[in-house]
Amino acid sequence: MANEGIKIPEDHGIIGFDKIHATEYINQAIASIVQRISDHVDFAIDKLLKILNDEKAETYIVLEAKLIEKEIAFMGINL
């Protein structure tokens, strides 16, 4: 984007998801939202087993997410 004259974070804010390793190799650190995949797997297996055993399975699940902050600002907001 720098080659195109786009300034981060002045022109565009960027935030990653799941702390993708490729972001470690760019010239600006990017904040990322992380969810533990193991939590997703645990909930999915539990729900599947309940369905297979004709038990009531939850239909609404909220999983915790965490913001991993980096030194770059996001549209003027320091992360």
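The figures that follow rest on heavy atoms only: side chains count, while hydrogens, waters and symmetry mates do not.
Summarising the geometry of Lys50 relative to Lys56, their closest heavy-atom pair is CD-O, 3.5 Å, with the distance given to 0.1 Å. Here the closest heavy-atom approach between residue Gln35 and residue Leu63 is recorded as NE2-O, 3.7 Å.
The local environment of CD in Glu64 is sparse, with at most 12 non-hydrogen atoms from other residues, nucleotides or ligands closer than 6.0 Å.
Hydrophobic cluster membership is shared by Ile37 and Ile45, with clusters built from Ile, Leu, Val, Met, Phe, Trp and Tyr side chains linked at under 4.5 angstrom.
Atoms CD1 and CG, on Ile51 and Asp46 in that order, are 10.0 Å from each other to the nearest 0.5 Å.
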